[in-house]
Amino acid sequence: MLEQRSRAHSVLTLGGKREGHRLRSLGMLAAALAVGVTPVAVAIADSAPAGAAPVPFLSHFTTVTDVGSAVPANGDVNPYGVATVPFSTGSLVRGDTLVSNFNASNNTQGTGTTIVEVAPSGQVSLFAQINPDLPGCPGGVGLTTALAVLNDGYVVVGSLPVTADGSGTPEAGCLNGTVAAAGNQVNQGTVLRLSVFEPAGRPPLLLGTTTIATGFPEELNSSALVLGPTGVALEPNGTLYVADTVQSRIAAVPFATSRFFPESSGGVTVSQGGGLNAPLGLAVAPGGDLIAVNGNDGNAVEITPFGTQVETRTIDPFDSGGDLFGLAVAPGGRGILFVDDNGDANTLDLLH
């Protein structure tokens with residue numbers, strides 16, 4: 001409950017960990033976070049007659065509008081992570097959206113250091129700039145799709161840095177044997193549950209880490225730097241869904257919030273192929289369906305928890321690959337917020 005003066009909960013993610021300062025930087029293979037927070041009720045009109053199948057969430061929306069730029073004053077580009085702000089505290093304003101940047105202004109992958117805050121009006125401000133010299137692997141650069149706001153207002157972000165000289169080579173110590181494989185696929189991707197305690201008035205404390213799934217495929221990629229398990233989405237029943245980019249599938253990890261032994265072989269396949277085309281970002285829509293955005297085209301795909309693909313919608317007007325990354329359901333369920341890296345766009349967009 002939010003009124004408790006201290007809380008303990010779990011953060012579900014992929015990869016390792018690295019504590020920063022006010023803003024935590026988690027080292028992971030381009031991944032997303034699923035955080036246990038108080039649910040917010042949303043209402044979406046459903047025109048289906050009684051007894052009929054529910055109308056897909058995506059079918060309510062037809063228009064894509066730019067909300068604002070994701071480029072801060074230092075010129076960072078290639079927006080990846082998206083997280084809506086559920087309450088106001090410090091610099092965070094309820095209803096705003098946080099966006100993390102993966103590239104620096106010279107567009108070298110894995111060198112971005114900034115998170116911007118975008119208001120619904122389109123006003124953009126710098127929320128945080130991470131110190132690139134944080135000790136140990138991975139350091140504090142190359143901010144990924146892993147982005148979330150904890151219950152006490154602290155923000156957690158993932159990083160996937162390149163070598164110190166900025167040559168574009170991923171740090172081998174962060175990637176579970178992926179770099180050593182020299183472009184060949186390895187099945188060493190993992191999903192971790194980070195148990196976090198949030199004492200009142202003090203920074204969160206990491207209590208422990210549990211591996212809850214193993215065996216996800218990973219590989220280096222000339223255009224995407226590295227491919228592997230990316231988005232995660234947590235259903236209220238404790239099942240975690242993972243976007244397996246390499247195999248174009250959605251996998252499930254049952255009992256993710258409580259299990260003590262890992263689900264092997266990349267989790268349980270829920271849906272594969274069809275409209276899924278290297279899925280990256282993943283979110284839970286009102287009603288429980290999953291929304292994935294593809295890395296190889298401009299589409300969003302809606303999938304039921306049982307694996308049925310019920311809607312595919314083009315949200316990148318250029319319908320091209322390599323533009324879509326993180327996404328989030330807009331406050332009030334009024335659409336889908338997503339980042340668009342098409343050309344010089346580097347924007348936060350809204351499907352509504």
Side-chain angles (χ1 to χ4, degrees), residues 15 23 25-33 64 66-83 97-118 124-130 132 138-148 155 157-163 165-171 174-175 220-228 230-231 243 245 278-282 293-298 300 315-328 337-349:
L23 189 148
S25 176
L26 298 186
M28 33 188 104
L29 180 73
L33 297 173
V64 173
D66 287 352
V67 178
S69 172
V71 181
N74 76 342
D76 277 2
V77 292
N78 205 2
Y80 264 33
V82 176
T97 305
L98 298 178
V99 177
S100 55
N101 284 302
F102 189 57
N103 295 6
S105 59
N106 64 2
N107 209 29
T108 300
Q109 296 185 95
T111 56
T113 61
T114 55
I115 298 173
V116 296
E117 185 170 350
V118 184
V124 180
S125 59
L126 179 68
F127 172 73
Q129 185 163 11
I130 312 301
V141 295
L143 305 185
T144 70
T145 53
L147 185 64
V155 173
V157 65
S159 68
L160 176 61
V162 296
T163 50
D165 62 3
S167 61
T169 303
E171 291 281 9
C174 308
L175 294 178
L220 295 182
N221 181 275
S222 59
S223 60
L225 191 64
V226 64
L227 298 176
T230 308
T245 306
L280 293 170
L282 192 63
V293 293
N294 288 331
N296 283 347
D297 58 36
I315 59 175
D316 177 4
F318 296 96
D319 193 22
S320 58
D323 297 338
L324 304 177
F325 298 97
L327 79 158
L337 289 159
F338 64 96
V339 287
D340 189 347
D341 186 40
N342 189 283
D344 296 325
N346 294 294
T347 55
L348 175 70
D349 292 355

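Residues passing the side chain to side chain contact (heavy atoms under 4.5 Å, CB included) test with V71, sequence neighbours excluded: S69, V77, N346. Residues that satisfy the side chain to side chain contact (heavy atoms under 4.5 Å, CB included) test with D66, not counting sequence neighbours, are T347, D349. For the ring-ring contact (aromatic ring centres under 6.0 Å, His included) test, residues two or more places apart in sequence or in another chain that qualify with F325 are Y80. Shown here are the side chain to side chain contact (heavy atoms under 4.5 Å, CB included) partners of A328, two or more places apart in sequence or in another chain: V82, T84. Partners of S100 according to the side chain to side chain donor-acceptor pair (under 3.5 Å) rule, which considers only residues two or more places apart in sequence or in another chain, do not exist here. Take N107 and apply the side chain to side chain donor-acceptor pair (under 3.5 Å) test, not counting sequence neighbours, and it matches N103. For Q129, the side chain to side chain donor-acceptor pair (under 3.5 Å) partners two or more places apart in sequence, or in a different chain, are T113.
L126 and P72 get closest at one heavy-atom pair: CD1-CB, 4.2 Å. Listed here is the closest heavy atom pair of L282 and A243: CD2-N, 3.9 Å. Contact between V99 and A70 at its shortest, heavy atoms only, is CG1-CB, 3.9 Å. The two residues L160 and F102 come nearest to each other via the heavy atoms O-CE1, 3.5 Å.
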Check against side chain to side chain contact (heavy atoms under 4.5 Å, CB included), V293 and I315
CA-CA 9 Å; V293 293; I315 59 175; 3.9 Å; yes

Show your working on side chain to side chain contact (heavy atoms under 4.5 Å, CB included) between N221 and V226 and close with a plain yes or no.
CA-CA 5 Å; N221 181 275; V226 64; over 6 Å; no

Take L147 and I115 through the side chain to side chain contact (heavy atoms under 4.5 Å, CB included) test and state the conclusion after the steps.
CA-CA 9 Å; L147 185 64; I115 298 173; 3.9 Å; yes

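A distance of 8.0 Å separates CG in L227 from CG in N296, rounded to the nearest 0.5 Å. Taking CG from N74 and OG from S105, the interatomic distance works out to 6.5 Å, rounded to the nearest 0.5 Å. Taken from CG in N106 to OG1 in T111, the straight-line distance is 5.5 Å, to the nearest 0.5 Å. Atom CG of L327 sits about 9.0 Å away from atom CZ of F338, to the nearest 0.5 Å.
Side-chain polar atoms of N342 and D323 form a donor-acceptor pair below 3.5 angstrom.
No donor-acceptor pair closer than 3.5 Å links the side chain of T114 to the backbone N or O of N101. For T230 (side chain) and G228 (main-chain N/O), a donor-acceptor pair under 3.5 Å exists by modelled atom type.
With a 4.5 Å cut-off on side-chain heavy atoms, P79 and D341 count as touching. Side-chain atoms of L324 and N294, non-hydrogen and from C-beta on, never get closer than 4.5 Å to each other. Here the side chains of T97 and V67 are not in contact, with every heavy-atom distance at 4.5 Å or above.
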